[in-house]
Amino acid sequence: MNDYLVQLSNNTVARRGLKMIGAPTPLALARASGPYQEKPLQGKRLLFAGNGFLAAAAKTALTQAGAVIGDPAQAGEEDRFDGIVFDASGVQQPSDLRALYEAFHPIMLRLAENSRVVVLTGLPEAAKTSGEAACRRGIEGFTRSVAKEIGKRGSTANLLYVAQDAEDRLVMPLRFFLSEHSTYVDGQAVRVTAAAKAPSPLPLSHTLADKTAIVTGAAGGIGAATVRRLAAEGAHVICVDIPPTQETLDAIAKDIGGSALALDVTADEAPAQLSRFVAERGGVDIVVHNAGVTRDRTLAYMKADLWEQTIAINLEAILRIDAQLQQDNNLNAQGRIVCLSSIAGIAGNAGQTNYGLTKAALIGYVEAEAPRLAARGITINAVAPGFIETSMTARMPFVMREGARRLTSLSQGGQPEDVAELICFLATPGASGINGNTVRVCGQSLVGA
Ligand code: NAD
């Protein structure tokens, strides 16, 4: 679905007109055009500031990714920076926070369009003093506020809370959050720990070669984009959706050299059927629980069958499939599970008591499963999309749709490909440090922000 305002805003004359009437002028966002490259930050000019236990590992990761670490004092007035990485893990007390001001203040107006800010700090609960914990948590508020200031230029800011022993897990997260693969992920705080074993060696391109993935709801907007993204990284993808979508499913699977499996995930036999199917391929490495429905009515008017159906598809089927795969030993070590939650699961939404319940339940589910699965190097995370341009959101009334698009820092909705990028990142071996997180892909939507 096209966003007319993004199209108009990128025409110089129309943009001027929109500005005159005070309308938003969302920038066309830069997006990655292919799979991960060995040097995804090639030629990007970044400012690196701050100094703590993460600085050395982060700088090495950046230069290996091809970034040029520039010094604003040496750069010309007109020179622009493609991003800032600030290591705040050395901040211990309020007076140390001045370093954030000193690094960011001179460069805020010198950030290029579509630039990236990544702030690093330690885990608040691992701080030595309450003051240090307060500062670490405060840095989240700083980062989210920076994101709101730079969003109108298509730029994003995200925070990584990193455990003391997890600095070697930064390579892939830095590549993701500083590149055009993370376009619509904005204002997020992601925890990086060493709980799940890291793979060695770490593949930086063709990252999913030899992996088998299941994507449910593969015929839909986000599902189809995810299937293509995982296949582009080299995975064999089993595309699952309900039987009426068989033709679409076959076409997608053929296109990517994957397999099609038409089944209703709520059917009694579905978990066993899926498990048998992956057993023939030596088990499954990546499971993306994407199939989901909205059956909206305010609670006073909601029929019991709409309630039941939503719980069955969006929640119960996921628990049953994961349990079956594990019971049959068909979920491989170092595996990755990604559940599609929603910002409605974080903030709640009128008319979506059933949907909001299931999407919040998935957040609880990944938090509960993460420590259990970490022993086998498996991670489980949730992705919470905001307003994404798919058939699901095309059904929304115009005024609500417009509100959802514009009430974001980037002033526009996301594309299914943006969600697919985040899912794919979490499925890579290099995302081993991210476990039990819920990451929003919502352009920093004000809903639940
Ligand atoms: P979509 O309606 O385009 O696709 C959903 C797919 O799931 C469809 O192809 C459908 O046939 C399939 N499906 C439904 N019931 C199924 C079942 N019982 N068994 C197997 N497949 C089934 O929706 P989408 O926008 O691509 O959403 C994908 C996921 O992302 C959903 O879980 C949704 O809740 C979540 N999400 C979407 C948005 C958004 O803005 N589009 C926002 C937040 C969360």
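Both counts, for ligands and for their atoms, begin at 1 and track the order of listing. Along the sequence shown, residues are numbered consecutively beginning with 1. Please read all numbers here as calculations on a predicted model, not as lab measurements.
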> Would you say the side-chain atoms of Asp328 pair up with the backbone N or O of Ser275, donor to acceptor, closer than 3.5 Å?
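Looks like no, no N/O pair under 3.5 Å.
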> Would a distance-only check, ignoring hydrogens and angles, find a side-chain to backbone donor-acceptor pair under 3.5 Å from Gln188 to Arg440?
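Checking the backbone N and O of Arg440 against the side chain of Gln188, a donor-acceptor pair under 3.5 Å is found.
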> Backbone N or O of Ala267 within a donor-acceptor pair of the Glu269 side chain at under 3.5 Å?
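Side chain of Glu269 to backbone of Ala267: no pair is present.
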> Can you give me a line-by-line list of nitrogen or oxygen pairs between ligand 1 and the protein shorter than 3.5 Å?
{"residue": "ligand 1", "atom": "3 (O)", "partner": "Gly221", "partner atom": "N", "Å": "3.0"}
{"residue": "ligand 1", "atom": "3 (O)", "partner": "Ser391", "partner atom": "OG", "Å": "3.3"}
{"residue": "ligand 1", "atom": "9 (O)", "partner": "Gly220", "partner atom": "N", "Å": "3.1"}
{"residue": "ligand 1", "atom": "9 (O)", "partner": "Asp241", "partner atom": "OD2", "Å": "2.6"}
{"residue": "ligand 1", "atom": "11 (O)", "partner": "Asp241", "partner atom": "OD1", "Å": "2.6"}
{"residue": "ligand 1", "atom": "18 (N)", "partner": "Asp264", "partner atom": "OD1", "Å": "2.8"}
{"residue": "ligand 1", "atom": "19 (N)", "partner": "Val265", "partner atom": "N", "Å": "3.0"}
{"residue": "ligand 1", "atom": "21 (N)", "partner": "Asp241", "partner atom": "OD1", "Å": "3.4"}
{"residue": "ligand 1", "atom": "25 (O)", "partner": "Thr390", "partner atom": "OG1", "Å": "2.8"}
{"residue": "ligand 1", "atom": "26 (O)", "partner": "Gly221", "partner atom": "N", "Å": "3.4"}
{"residue": "ligand 1", "atom": "26 (O)", "partner": "Ile222", "partner atom": "N", "Å": "2.8"}
{"residue": "ligand 1", "atom": "32 (O)", "partner": "Asn290", "partner atom": "O", "Å": "2.8"}
{"residue": "ligand 1", "atom": "32 (O)", "partner": "Lys359", "partner atom": "NZ", "Å": "2.9"}
{"residue": "ligand 1", "atom": "34 (O)", "partner": "Tyr355", "partner atom": "OH", "Å": "2.6"}
{"residue": "ligand 1", "atom": "34 (O)", "partner": "Lys359", "partner atom": "NZ", "Å": "3.1"}
{"residue": "ligand 1", "atom": "40 (O)", "partner": "Gly386", "partner atom": "O", "Å": "3.1"}
{"residue": "ligand 1", "atom": "40 (O)", "partner": "Ile388", "partner atom": "N", "Å": "2.9"}
{"residue": "ligand 1", "atom": "40 (O)", "partner": "Ile388", "partner atom": "O", "Å": "3.4"}
{"residue": "ligand 1", "atom": "41 (N)", "partner": "Thr390", "partner atom": "OG1", "Å": "3.1"}

> Can you name the residues that form a side chain to side chain donor-acceptor pair (under 3.5 Å) with Asp296, not counting sequence neighbours?
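Checked Asp296 against side chain to side chain donor-acceptor pair (under 3.5 Å); matches are Gln352.
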> Please enumerate all residues that pass side chain to side chain contact (heavy atoms under 4.5 Å, CB included) together with Phe398, with sequence neighbours excluded.
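Side chain to side chain contact (heavy atoms under 4.5 Å, CB included) check on Phe398 returns Tyr4, Arg401, Glu402.
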> For Asp255, give me all partners under salt bridge (Lys or Arg N to Asp or Glu O under 4.0 Å), at least two apart in sequence or on another chain.
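Once residues adjacent in sequence are excluded, the partners of Asp255 under the salt bridge (Lys or Arg N to Asp or Glu O under 4.0 Å) criterion are Arg228.
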